[in-house]
Each structure stands twice: as structure tokens, then as C-alpha cells.
K.L.:
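Below is the structure I would like to discuss, written out as C-alpha cells.
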Amino acid sequence: MVRVRFAPSPTGVPHIGNTRTALYNYVFAQKNQGQFVLRIEDTDRARLQPDSLPKILAILKAVGIAWDEGPFAQSERLKIYQDHAEKLVKSGKAYYCFCTQERLSAMRKAQQKRGALPRYDRRCLKLTRAQVKTQLAKRTPHVIRLKVPDTGETSWVDLIQGKISFKNNQIDDQVLLKSDQFPTYHLGVVVDDHLMKVSHILRGVEWISSTPKHLLLYQAFGWPVPKIGHFPVILGPDHAKLSKRHGAKSVLDYLDEGYLVEPLITFMAYLGWSHNDNSELLNLKKLVKLFDLKKVQKQNPIFDLKKLNYFNAKYIRQLSNQELFALVKPRLKFKLADAKLTSILPLVRDRLVTLNDINLFLDYFAGDIKAPLDLIVAQSGKDRAAVKTALGQTVSAFAKNSAADWQEKNLEKIGHDLIELTGWTTKELFMTLRVSLTGKVATPPLFALMEVLGPEVVSRRLQAAHEAL
Ligand code: GLU
């Protein structure tokens, strides 16, 4: 039975790149009719951020990642780790260390000065049983350390990265149990992956240097080792490890900004895995069908928000007007009648990158705008006096069209007559109208837009620009 786990530390809200690890694990489990265990690795008490756990859970729910077991919090399992650490001490695979922080940092400084690898010098390994007993009786603060073999290598065949080896003499005697009686990450992760019957450990490549330590722990316990794979690390555009500094946000933030779940899933899926030319929109179901661990690449993917924008816009374009209406309505920052929104949507839908973008178009549909005169003049390519004259001619031409005939194709005809009348080019005239009516340079098609604005608004805005000039 395939059993995977996602084991976030609640030390902050994970950005979208970190959520990819959960997505791959979930999809891999689904694909293999397996199970997904959620474990909260909250043993680093100093870095704990209590409000991050609800966000982590909300992110998984939003993406549609349903866990079969958990969430298990490591902080509620302390006795288990303590017992396991003691077991290793009894079997001679681990030992108590009573060294103080001062001694350890002096030791490290001396090692650094010599140019030696900073590592524990094993002073406490030489303590006699009686000495250990006395210290424990005195309640001297202590940790438990793993006795790492001096020779040999620890290696494994990584499901994604291939064969990897580490020399044992490069590995420090790891602390397993801290002086606060909390386990370290290494002890917690190994004990839990074993007890929770995890069959595949799939995590980011940043954990690769921890893996030999874990393998030594499996050996020390005499436990079988799960299969292990490390996903490539996601890089920012500057090729440094992706972080919030690169603008990477959490899935919840993106949803707030008007991105949709399917494009987010698609974007995450292609960060390290590929399918054809990586342009197909996916959802969880499709991804489960297509996903193949063997197609997860070693090469580190680059985070490119343009791709998310591409998928989001593509997804929006595939929605029906009705579906889109329901999605954008709650995001309106302007008061707008439903009927008006219904008539605007077909004009702007292909320009929406996010749902919130709807508001970019609404100021001139919903509110009253004042087009900047300099922009009108600049975009016309004519001088101020010529623009004033042309706008005057325009106002009267459109005023002749009855309200009942206020339709795109009639308006367009008037527009073309005006070109003849003014002697301007299409571009010059239509741009002047566009900016006068909206205050913007890029808008939906001019005459469709005028139809929706209606005769009164069109006349009022053209007249206002004309008078102001
Ligand atoms: N708690 C680790 C993290 O925050 C889990 C690493 C692992 O999956 O082993 O990502």
C-alpha cells in the first residue's frame, strides 16, 4: 500500500512552491490508490507561528488535497520520541551528551580556526556508565546524540535524483533529543515515518543532506527504509531558492487576488514535472491521471508568474458568461446593476487575467470618470484646437442617432462618416473618442463599448471633453 506524508512545519504560511510538495504527494497517492498522511512538525518551538497552522490546512482544502489521516502534531507525541531515543541509548547506538552551549561554541570556534569541519568532538561518548548516572541523578541538562559510524558511506537510490552517497565521516553525531526533551527534526521524522507506515518519502531537494542521517537512524533502529525521492527546488528568476522576496505568495493570497484553483494547480504541477509542452490546463483529476513520478525532473524549475497569468486568463476564457458572472460579481468594487454587468462581461472577458481585473474596466462603466485632457490630445496626434473641433462634430453626429437605434453597428457607421467629415485617420479619431469616453488607452472595442455606455453617458463625456478643451 502506497502511503505518503506531507509534513509541514507551522513556522509560517507556505508559499505556492511549498504547496507543490503537498500536491505531488497527494497526486502520487491518488494515482496508486494510496493514502496521504498529514503531519505537523511543530517541534521547533522557537520558530513556531501559531497562526500558520490554520492557514496550512486552509491551503490544502482550497487546492482539494484531502488527507486520509491526521493532522498529527509531533508536539503531542513527545513521549514516543523520548522512548525511542532512550532505546537507542540502551542499544549503544546513541549516547547522552552533557556538554554546555558554552563548551560547544568554544569547540566550534577552535575547529573553525584550525579549518576543521565543525562537529561534536565526542567528549561525552567517553563517559563511564557511573559518570552518566551521576549526571542524570543531578539532572544536568543534556541531549541524546546518535553515534554515527566513523567509516563507510551511506547511500540510496533516489527516485528522482538517482544514486546518492555521503561519507559517514562527514556526518556529525546528530542530536536526536534536545535538552527541552523535544525531538529534533531527524528523530521525529524517522520515528514517525516508520510508525505511520510511510512507504514513500517525497520531499524537496533541500532535505537531501538530512537523508543520510535518517538512513543511519533507520539502521540504528533496525527498521526497513521507505522509498525516497527529492523534488527539484524551485528557483526565483535570479536563480536563488524561491522565497517570498521573489513575490511568491501563498495559494490563499493568489485566490484573494482573483486567481482560480485550477490554474493554480496547473502552475504548481508544471514546477518540476512536465506533460507535453506544459500548456494544457489541468485540474486535480486530470493531474492524477497524467502524473508520473518518473517524469519529475532533476533540473530546478524557475518560478515565472507569467505562466500563472497565462493559465488563469486561459481558464477564464473557457468559462461561460454565466459562470464568469457568478465569479466576478462578489469581487466588484463598484456598484453595478446585474444587467449592466451582463452586458459588459462579453466585452472585457478576454482581457481579464484575474477575476479582480474586472474592476480595471468598471470605473468608466460604473462610475463617472473625467478623462485627462492631455492624454486625449496626446493620443489624437493633433493639436488642442483641432481636437476641440472634431469633438464638437462628434457630439452632434452621435446626437442625431436616436436612442432606439443605439447599437454598435449604427454607431460604427457614424464613426466612419465622421472620418470623412473630419479628414482624420481612423486611428486618430477613434483613439480620441476612446480616451475621451474612458480615460484609458486600452479598452474593449470602441463601438461595443459605446453601446453599453448608452447615449447619455457618451454624449455627456464627449461634451465635457469638448467644453474643457
Ligand atoms: N518539516 C519539514 C518541512 O517543514 C518536512 C521535511 C520532510 O518532508 O521530511 O518541510
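Here the structure is a predicted model, which means the values were calculated and not measured. Residues take their numbers from the sequence shown, with the count starting at 1. Hydrogens, waters and symmetry mates are skipped; everything else that's a heavy atom, side chains included, is used. Atoms within each ligand, like the ligands themselves, are counted from 1 in listed order.
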K.L.:
Could you give the distance from SG (C124) to OH (Y96), rounded to the nearest 0.5 Å?
P.N.:
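Going from the SG atom of C124 to the OH atom of Y96 covers 12.5 Å.
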K.L.:
Identify, for atom 5 (C) of ligand 1, the protein heavy atom at the shortest distance, and state residue, atom and that distance.
P.N.:
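In this structure, atom 5 (C) of ligand 1 has A7 O, 3.2 Å as its nearest protein heavy atom.
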K.L.:
Please confirm whether F221 and H194 have ring centers closer than 6.0 angstrom.
P.N.:
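F221 vs H194: aromatic centres not under 6.0 Å.
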K.L.:
Between W223 and H84 (judged by ring centroids, cut-off 6.0 Å), do the two rings come close enough to count as a pair?
P.N.:
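Between H84 and W223, which both carry aromatic rings, the centre distance is below 6.0 Å.
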K.L.:
Assess, by modelled atom type and distance only, whether the side chains of T354 and N312 contain a donor and an acceptor separated by less than 3.5 Å.
P.N.:
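There is no such pair between these side chains.
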K.L.:
Yes or no: does Y185 have any heavy atom under 4.0 Å from an atom of ligand 1?
P.N.:
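Checking ligand 1 against Y185, which is what was asked, there is a heavy-atom contact under 4.0 Å.
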K.L.:
Give me the residue, atom name and distance of the protein heavy atom closest to atom 8 (O) of ligand 1.
P.N.:
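Ranked first by proximity to atom 8 (O) of ligand 1 is R5 NH1, 2.7 Å.
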K.L.:
Could you identify the single nearest non-hydrogen protein atom to atom 4 (O) of ligand 1 and state the distance to 0.1 Å?
P.N.:
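Looking at atom 4 (O) of ligand 1, the protein heavy atom closest to it is S9 OG, 3.0 Å.
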K.L.:
Quick one: OG1 on T266 to NZ on K314, what's the gap to the nearest 0.5 Å?
P.N.:
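Nearest 0.5 Å value for the OG1-NZ distance: 9.0 Å.
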K.L.:
Counting from 1, what ligand 1 atoms have a heavy atom of V189 closer than 4.0 Å?
P.N.:
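Near V189, meaning under 4.0 Å from one of its heavy atoms, ligand 1 has 9 (O).
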K.L.:
Which atom names give the shortest non-hydrogen contact between A371 and I376, and what distance separates them?
P.N.:
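Reported closest heavy-atom pair: CB-CD1, 3.9 Å.
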K.L.:
Any idea which of R203, E41, R39, H214 brings a heavy atom closest to atom 1 (N) of ligand 1?
P.N.:
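It is E41 whose heavy atom sits nearest to atom 1 (N) of ligand 1.
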K.L.:
In the protein, what heavy atom is nearest to atom 10 (O) of ligand 1, and what distance, to one decimal place, separates them?
P.N.:
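Going atom by atom, the protein heavy atom closest to atom 10 (O) of ligand 1 ends up being W207 CZ2, 3.3 Å.
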